[in-house]
Amino acid sequence: MSVETQKETLGFQTEVKQLLHLMIHSLYSNKEIFLRELISNASDAVDKLRFEALAKPELLEGGAELKIRVSFDKDAKTVTLEDNGIGMSRDDAVTHLGTIAKSGTADFMKHLSGDQKKDSHLIGQFGVGFYSAFIVADKVDVFSRRAGLAASEGVHWSSKGEGEFEIATVEKADRGTRIVLHLKSGEDEFADGWRLRNIIKKYSDHIALPIELPKEVAAVEGEEKPAVEWETVNRASALWTRPRTEVKDEEYQEFYKHVAHDFENPLSWSHNKVEGKLEYTSLLYVPTRAPFDLYQREAPKGLKLYVQRVFVMDQAESFLPLYLRFIKGVVDSNDLSLNVSREILQKDPIIDSMKSALTKRVLDMLEKLAKNEPEQYQGFWKNFGQVMKEGPAEDFANKEKIAGLLRFASTQGNDGEQVVGLADYLARAKEGQDKIYYLTGETYAQVKNSPHLEVFRKKGIEVLLLTDRIDEWLMSYLNDFDGKSFVDVARGDLDLGNLDSEEDKKAAEEVAKSKEGLVERLKTALGDSVAQVRVSHRLTDSPAILAIGEQDLGLQMRQILEASGQKVPDSKPIFEFNPAHPLIEKLDNEQSDERFGDLSHILFDQAALAAGDSLKDPAAYVRRLNKLLVELSV
Ligand code: ADP
Ligand code: MG
């Protein structure tokens with residue numbers, strides 16, 4: 001062993017310790033994936049080297065034949081992986097193998113319950129990576145040298161996977177990384193050529209560079225041990241360059257885990273080769289589960305970009321809109337230049353047309369999934385629905401297509417589950433119904449019982465129930481779907497169009513006429529609190545409701561804006577009362593102006609409460625109500 005200098009012992013970041021613990025205890029039934037992860041890293045390291053060498057050919061240091069070698073020692077119980085990729089400097093090793101750079105990691109780790117069964121599925125959301133080496137090894141040595149650094153600037157990283165690791169500077173003749181796994185007792189099965197070959201074929205066949213194993217050469221007695229011969233065990237060609245029909249599902253799945261750094265299989269994928277004015281190949285995946293950092297600004301997003309098979313950049317964001325940021329995969333272009341940068345990508349018109357084509361591919365893939373595998377699509381919606389709801393605002397051109405992919409809860413007995421698509425809604429709409437009705441609110445329980453729904457219940461008309469924070473904002477971008485406009489049932493003067501018969505309308509008009517006096521009296525009593533008072537024809541059980549003005553902000557938007565410290569224009573609600581309700585009849589017959597005033601304010605405040613709003617003057621409400629209660633009991 002060469003001389004080690006500047007030896008130090010450092011502690012792992014807390015999150016690494018937690019991850020190590022979780023991993024060792026949740027992946028014991030799937031141990032062999034450690035090899036997939038280490039090979040995936042080696043392949044990434046080679047990709048990076050190949051790319052950097054375009055500008056600095058000297059980085060190749062004469063060794064241009066890029067590959068990964070896996071070897072083993074049965075007696076020493078070790079497995080060794082070696083790559084001649086970009087390598088790591090001492091600092092790189094300390095950061096990359098001692099901390100987790102993903103933002104939001106600490107928060108994520110707080111979700112761990114300590115119950116290993118429950119926590120084990122979280123590992124999938126997190127990804128496993130380098131630390132998976134400790135599933136099978138009780139000591140890991142990493143020897144590495146960053147390409148371009150002197151041989152004397154190699155690094156030796158070593159750890160038992162407990163609380164700390166050692167780091168030292170060593171001599172390393174070749175660039176790249178060598179990882180030595182000292183297998184735990186009981187894990188020596190991995191120090192075996194046959195076993196390693198099978199694992200590589202199973203998980204890493206798609207890796208585009210050769211993965212070599214030593215050839216089994218029978219020792220001849222009395223002769224010197226022959227020099228090791230190596231043979232390539234994987235297919236070693238870029239998967240996306242192969243024709244679709246020749247790639248097996250399992251291969252697509254393993255390739256996904258490599259590009260997406262995910263642990264689970266993808267839900268769906270779409271592989272396409274485009275020829276003509278633009279030439280590119282894309283392989284796009286929909287993950288099964290949302291990553292834990294889906295809502296983190298700095299979270300990785302975008303595709304892996306290759307130009308003529310050469311890796312150019314990770315997370316090329318310019319190829320898909322932000323609301324599709326969960327899509328993973330690669331795009332390989334023949335038109336871009338190898339020295340393309342993020343800045344150039346943002347301006348290049350080629351990128352614009354690729355972006356709209358790729359966006360359409362993704363939406364088509366989702367449509368297909370929704371149509372052919374509705375249950376799987378439901379799973380997708382649970383994970384990514386919130387993000388899809390950002391779509392209509394961001395992607396005007398595809399608004400209708402995105403709208404078709406949205407799923408909502410509704411009054412049609414789905415317990416608040418978002419399962420109703422707009423096409424289903426329209427397909428079972430009432431004869432003559434030419435609107436899509438919806439109601440927004442804070443919680444499902446609140447909207448489900450909203451007085452605004454009374455007339456719809458009576459007539460058996462389905463109403464979409466929207467309770468996600470983003471919903472009201474989303475609906476401000478959706479005007480219609482399939483030629484039918486959206487109507488907020490809590491807004492404006494509800495017009496049921498053809499759903500009300502001529503007789504109904506006539507009767508309503510007559511009632512309204514007969515209550516003109518009451519309307520005037522209420523206007524005077526409620527004064528400044530209301531924009532308007534009118535007779536309602538949407539109530540069957542409740543005495544009164546508050547409707548929002550056609551142009552006014554809804555409650556949800558108002559609350560969001562207020563919470564963010566913005567000044568919100570004061571808008572007054574419309575007070576609608578139910579002429580058939582006994583309380584209203586009582587009110588109409590009330591002689592005392594004082595009591596009339598108290599009762600109308602109570603009705604107003606109750607309507608606000610039922611809408612999920614807070615009262616402007618709760619004490620006054622309580623005072624008035626108590627006054628009435630006292631009068632009642634004497
Ligand atoms: P990920 O691959 O998702 O980034 P990993 O835990 O697998 O996470 O690896 C952590 C980091 O360690 C990598 O991002 C890379 O910077 C570094 N690394 C791991 N293996 C190698 C290697 N063989 N060559 C160079 N760098 C490596
Ligand atoms: Mg990795």
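In listed order, ligands and their atoms are each counted from 1.
Of the possible donor and acceptor atoms, one in the side chain of K184 sits under 3.5 Å from a partner among the backbone N and O of F134. Panel note: side chain N234, backbone I211; a donor-acceptor pair is recorded below 3.5 Å.
When K257, R242, R244 are each tested for a salt bridge (charged side-chain N to carboxylate O under 4.0 Å, His left out) with E251, only one passes: R242. When each of E390, E317, E394 is paired with R325, the salt bridge (charged side-chain N to carboxylate O under 4.0 Å, His left out) condition holds for E390 and for no other. Checking K7, H156, K160 one by one against E166, the side-chain contact (heavy atoms from CB on, under 4.5 Å) holds for a single residue, K7.
Residue, atom and distance of the protein heavy atom nearest to atom 5 (P) of ligand 1 are F130 N, 3.4 Å. For atom 3 (O) of ligand 1, the closest non-hydrogen atom of the protein is H261 ND1, 2.5 Å. Nearest non-hydrogen protein atom to atom 17 (C) of ligand 1 is H96 CB, 3.7 Å. Protein heavy atom nearest atom 25 (C) of ligand 1, with residue, atom name and distance: A45 CB, 3.7 Å.
Residue N41 has at least one nitrogen or oxygen atom sitting less than 3.5 Å from a nitrogen or oxygen atom of ligand 1, judged on distance alone. Checked by distance only, ligand 1 and D44 stay at 3.5 Å or farther apart across all their nitrogen or oxygen atoms. Considering backbone and side-chain N/O of M88, none are found under 3.5 Å from N/O of ligand 1. Close N/O approach between K48 and ligand 1 is not found [any backbone or side-chain N/O within under 3.5 Å].
Under a 4.0 angstrom heavy-atom cut-off, E37 registers as lying outside contact with ligand 1.
Of the heavy atoms in L97, only side-chain atoms (C-beta onward) come closer than 4.0 Å to ligand 1. Only side-chain heavy atoms of D83 come within less than 4.0 Å of ligand 1; its backbone N, CA, C and O stay farther off.
The local environment of NZ in K401 is crowded, with over 12 non-hydrogen atoms from other residues, nucleotides or ligands closer than 6.0 Å. Within a 6.0 Å sphere centred on CZ of R469, other residues, nucleotides and ligands contribute 12 heavy atoms or fewer. More than 12 heavy-atom neighbours from other residues, nucleotides or ligands sit within 6.0 angstrom of NZ on K201.
Counting only heavy atoms, the protein gets under 4.0 Å from atom 22 (C) of ligand 1. For atom 12 (O) of ligand 1, a protein heavy-atom neighbour is found at a distance under 4.0 Å.
At a cut-off of 2.8 Å, N41 is counted among the residues with an N, O or S atom near the Mg ion (ligand 2).
With salt bridges taken as basic N to acidic carboxylate O contacts below 4.0 Å, none links D352 and K355. In this structure, D205 pairs ionically with R235, as a charged nitrogen and a carboxylate oxygen lie closer than 4.0 Å.
Within ligand 1, counting atoms from 1 as listed, the ones closer than 4.0 Å to a heavy atom of G129 are 5 (P), 6 (O), 7 (O).
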